Amino acid sequence: MQWQQRLLALLIACLPFAEVGASPASASAFMRLAVVTQQGDTLVDEAVPAGGRWCIKWQHSVEHFTVLDCYRNAAGVMQLERSHQPDFAAGLGHIFGRGEQVSDGEGGYWIKGINEPVANNRYVLRVGSPAVNHRVVWPDGEHAPVSLSDHAAGQRVTIQLIAPHASPRE
């Protein structure tokens with residue numbers, strides 16, 4: 001009986017510390033990146049831990065160079081973190097006050113520190129042709145790249161960061 005009282009006293013004493021270090025990020029440390037077609041087909045469904053990153057990589061339709069738009073799971077919020085652009089071609093470029101443009105050392109540039117939340121943790125992308133080759137890539141290589149253009153060229157897909165047990169929706 002005495003050990004039960006001690007255990008109860010210990011639990012009560014530790015209760016104020018139970019949330020130390022906890023945050024909204026703790027509740028959403030692991031999210032899932034899902035890419036879903038208009039027809040409801042899931043093209044990507046991968047775990048993304050807090051701080052985890054992925055990019056949408058594609059070939060510019062006019063200049064034919066590679067562009068990267070990189071995102072992260074920031075405490076359960078999808079954020080556009082940075083973008084790599086080899087040139088100031090049509091539709092590209094740095095917007096003053098939106099991140100910092102820095103040279104990539106190879107004639108192109110990174111726009112770093114954008115850190116813009118994506119509304120509702122989701123956006124719609126019209127997938128380009130196989131020549132554009134929109135694909136999901138992971139900078140640290142934790143998952144294999146997925147070509148969205150191979151599966152949904154010319155179609156609308158929803159790219160979303162969702163809770164681990166949520167159902168991807170379009």
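Note that the coordinates shown come from a computational prediction; the quantities given were computed from them, not determined experimentally.
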Legend entry - Gap separating the CD1 atom of I111 from the SG atom of C70, nearest 0.5 angstrom: 11.5 Å
Legend entry - Inter- and intrachain pairs under salt bridge (charged side-chain N to carboxylate O under 4.0 Å, His left out), touching residues 127-144, at least two apart: none
Legend entry - Nearest-0.5 Å distance that lies between atom CD in Q38 and atom CZ in R156: 5.0 Å
Inset, instruction - Please check if the side chain of S129 supplies one atom and the backbone of A131 the other of a donor-acceptor pair under 3.5 Å. - result: yes
Inset, instruction - Calculate, to the nearest 0.5 Å, the distance between atoms CE and CD belonging to M78 and E116 respectively. - result: 13.0 Å
Inset, instruction - Grab the two heavy atoms, one from L33 and one from L161, that are nearest each other, plus how far apart they are. - result: N-CD1, 4.3 Å
Inset, instruction - On the 0 to 90° scale, with breaks at 30° and 60°, tag the W58-H134 ring pair as parallel, tilted or perpendicular. - result: tilted
Inset, instruction - Kindly state each residue pair satisfying salt bridge (charged side-chain N to carboxylate O under 4.0 Å, His left out) with at least one member in residues 43-55, sequence neighbours excluded. - result: R32-D45, R53-E81
Legend entry - Exercise: identify the closest heavy-atom pair between P164 and F30: CG-O, 3.0 Å
Legend entry - V48 backbone acceptor or donor facing N73 side chain under 3.5 Å: yes
Legend entry - Residues which pass ring pair (Phe, Tyr, Trp, His ring centres under 6.0 Å) with H151, listed by chain and number, not counting sequence neighbours: none
Inset, instruction - Side-chain contact test, heavy atoms from C-beta onward, threshold under 4.5 Å: evaluate it for D41 versus V36 and give yes or no. - result: no
Legend entry - Donor + acceptor pair across side chains of Q155, T37 (<3.5 Å): no
Inset, instruction - For A153, enumerate each residue passing the side-chain contact (heavy atoms from CB on, under 4.5 Å) test, keeping only those at least two apart in sequence or located in another chain. - result: P130
Legend entry - Test item: V35 and T42 side chains (from C-beta on) under 4.5 Å apart, heavy atoms: no
Legend entry - Contacts of N121 that satisfy side chain to side chain donor-acceptor pair (under 3.5 Å) - sequence neighbours left out: none
Inset, instruction - Working to the nearest 0.5 Å, report the span between CZ of R72 and CH2 of W54. - result: 10.0 Å
Inset, instruction - Taking side chain to side chain donor-acceptor pair (under 3.5 Å) as the test, write out the residues that go with S83, two or more places apart. - result: D69, Q85
Legend entry - Beyond-backbone contact of V157 with L43, side-chain heavy atoms, under 4.5 angstrom: yes
Legend entry - Sequence-distant partners of A166, side-chain contact (heavy atoms from CB on, under 4.5 Å), two or more places apart: I162, A163
Legend entry - Interatomic distance, L125 atom CG to L148 atom CG [nearest 0.5 angstrom]: 7.0 Å
Legend entry - From H84 atom NE2 to W110 atom CH2, the distance as rounded to the nearest 0.5 Å: 6.0 Å
Legend entry - Set of side-chain contact (heavy atoms from CB on, under 4.5 Å) partners for D150, sequence neighbours left out: S147
